[in-house]
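Computed from a prediction, not measured in an experiment: that's the story for all the values here. Order of the sequence lines fixes the chain letters, A, B, ..., with proteins taken first and strands second; residue numbering starts at 1 for each chain.
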Amino acid sequence: MVTEDRALRFEAVVRAVIDPLRRFLARRTDAATAEDVLADTLLVIWRRLDDVPAEPLPWSFAVARNVLANAERSERRRQRLAAKLESQPAAAADWPSDGGDLALPAALASLRPQDAELLRLWAWEQLSPAEMAVALHTTPNAVSIRLHRAKAALREALRKTDDPAGHEGSEGRTR
Amino acid sequence: MTTDDPFDTAADGPHPDDHDLLARLSAADPAASLPPAAPAEVTRLAEDAMNQPLDTPDVTEPTPLEPRRSRPLLWIAVAAAAAVAVFGGFLALRPTDRGDDPVAAGGPTVSHLQVAPVVGRCAPVTAETLGQQDVAFDGVVTSLADGVATLEVSHWYRGAPTDVVKVGAPGLDQRQLLDVVAFEVGDRYLVAGHDGAVVPCGASGAYTDQLAGLYSQAFGG
C-alpha cells in the first residue's frame, strides 16, 4: 500500500514544511500542544499527500490551523466540564519577556482574532496575500482588504496601549 | 518563506508605517529563537505519520453516496453553493458569529446556519464538491424545536470552531428543515455549510463511515 515513491514524496514535503510549521505553532500555542498538533498535521499531510499542492506551505498552515483550533476547542470544553472554572483563554505562546515590546502582545490580543491572525501570517509567516488566502480558505482580494483594516486596527490599538515612556520601535531583535 | 514583498499587501498600496509595524511585530516574534528541528527528529516525525494507517480512500476515486431511501429523493443540480446563492436572499442569512471570536468567554460559543429550500437534482457528493464548502463539522443534535436544530459539535473540519451550531431559524416550517437534513434528537450528523447555509443533497446528513471518509478526504480530518 505504501510505496517507496509515496514515502519519498512525503519526506520531501515534511522537510519543506516542518520548521515553518514548528514556528507557526510556537507562535500560537504552548509547547506541548504544538507538539501534538504538529504530529496530527503531519498525519493529515500523509493521508492527503495526493492533495498537497506544489507550494505545500500555505496549505499546510491551513491544515495546522484547523487541527489547532480543534485541539484548543477540546481543551476549553474539558476545562468547562471539569470544574466549571472560569473559562481560560487558549494557552498563549510564550512572548519574549526579556524587556521586549510589552505593548504589542496586548495590542494584538485586543484585536478581533481573525485580524490578529492575518497580522501574524503577514509579519511572522511572511505570506503573500495569495498564500494567506490558501491558509485561510478565502480570496487574495479579501485578504488584502482585511489585512489593510487589520493593520489600521493594530496601529490604533498600539496608540492606545503604548507605554508613554517608550517601546516605540523594535528592540533590535531580528530573526 | 516567500519571495513576495511582504509590504505589497494592502489593497491600495503599502502604508508608510507598514515597515515600522512589520519591524515591531517581527521583534516580538515568539518563535524567533526556535532552533530548527534536528534531522533525526524530522525523520522520527515523518516515520510516525507513515506508520499510521492510510484509512481514507483514494481521493481520486470518490465514492458517491447512496441516496437516502427513507425519504423522497430530492435532487438538486448540486453546486450547492449555486443553490444557496439563488435562494440567498430568501432564507440564507450569514451566521451571526461565524468567524468571530471562538475563544471561550464563560459559556459555549454558538454559530448559525440557515436552510435553503431543496429543488432540482442532486449530483453525487464527492470529496471535491465537499471541499468547496466553507463550513463543515461533526455533531450531535441536542434539541429540535421551532424550526431550529441545535447541534453540539464534536469536531470541526472547517470554519471558525464554535461549541454549538444552530441550524434553521425560529419559526421556520420544521418540515422544510427536515427536508434538508432529517435531524433527530440524539443522532450524530455531518454538516457542511456554504455562505451561511447548510449544503443539502446528502452533503450534510446522518453520520456514516462513508460520509465521514468523504469529509476526511475533503477537509483533512
Which heavy atom in [X] sits nearest to a heavy atom in [Y], and how many Å separate them?
X	Y	value
A/W124	B/P30	CH2-CD, 3.4 Å
B/D18	A/R155	OD1-NH2, 2.6 Å
B/P35	A/R22	O-NH1, 3.0 Å
B/A31	A/R27	CB-NE, 3.6 Å

Q. With a 4.5 Å limit on heavy-atom distance, are the side chains of B/F219 and A/V44 in contact?
A.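 With C-beta onward as the side chain, the pair stays apart.
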Nearest-0.5 Å distance that lies between atom [atom1] in [X] and atom [atom2] in [Y]:
X	Y	atom1	atom2	answer
A/F24	B/L34	CZ	CG	14.0 Å
A/W46	B/D48	CH2	CG	12.5 Å
A/R47	B/Q217	CZ	CD	12.0 Å
A/L43	B/M50	CG	CE	11.5 Å
B/L25	A/R120	CG	CZ	10.0 Å
A/H137	B/D134	NE2	CG	9.5 Å

(Q) At a 4.5 Å cut-off on heavy atoms, which part of A/L49 comes close to chain B: side chain, backbone, both, or neither? (A)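 For A/L49, there is no contact with chain B at all, as no heavy atom is under 4.5 Å.
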Q) Given that the side chain runs from C-beta out, which part of A/L42 has a heavy atom under 4.5 Å from chain B: side chain, backbone, both or neither? A)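 Both parts, backbone and side chain.
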Q | Donor-acceptor under 3.5 Å (A/N70 side chain, B/W156 main chain) | A |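 Yes; at least one donor-acceptor contact below 3.5 Å.
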Q) So which bits of residues 36-46 of chain B come within less than 4.5 Å of chain A, counting non-hydrogen atoms only? A)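 Those residues of residues 36-46 of chain B which have a heavy atom under 4.5 Å from chain A are B/P36, B/A37, B/V42, B/L45, B/A46.
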Q. Can you name the side chain to side chain donor-acceptor pair (under 3.5 Å) partners of A/T138, sequence neighbours left out?
A.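 A/T138: no side chain to side chain donor-acceptor pair (under 3.5 Å) contacts found.
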Q: Look at B/R158, B/Q52, B/E47 and state which one has the largest set of heavy-atom pairs under 4.5 Å with chain A.
A: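 Option with the top pair count is B/R158.
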Q: In sequence, state the C-alpha distance, the side-chain angles, and the governing distance for B/D29 and A/R23, and then conclude on side-chain contact (heavy atoms from CB on, under 4.5 Å).
A: CA-CA 9 Å; B/D29 181 356; A/R23 288 194 294 270; 5.6 Å; no
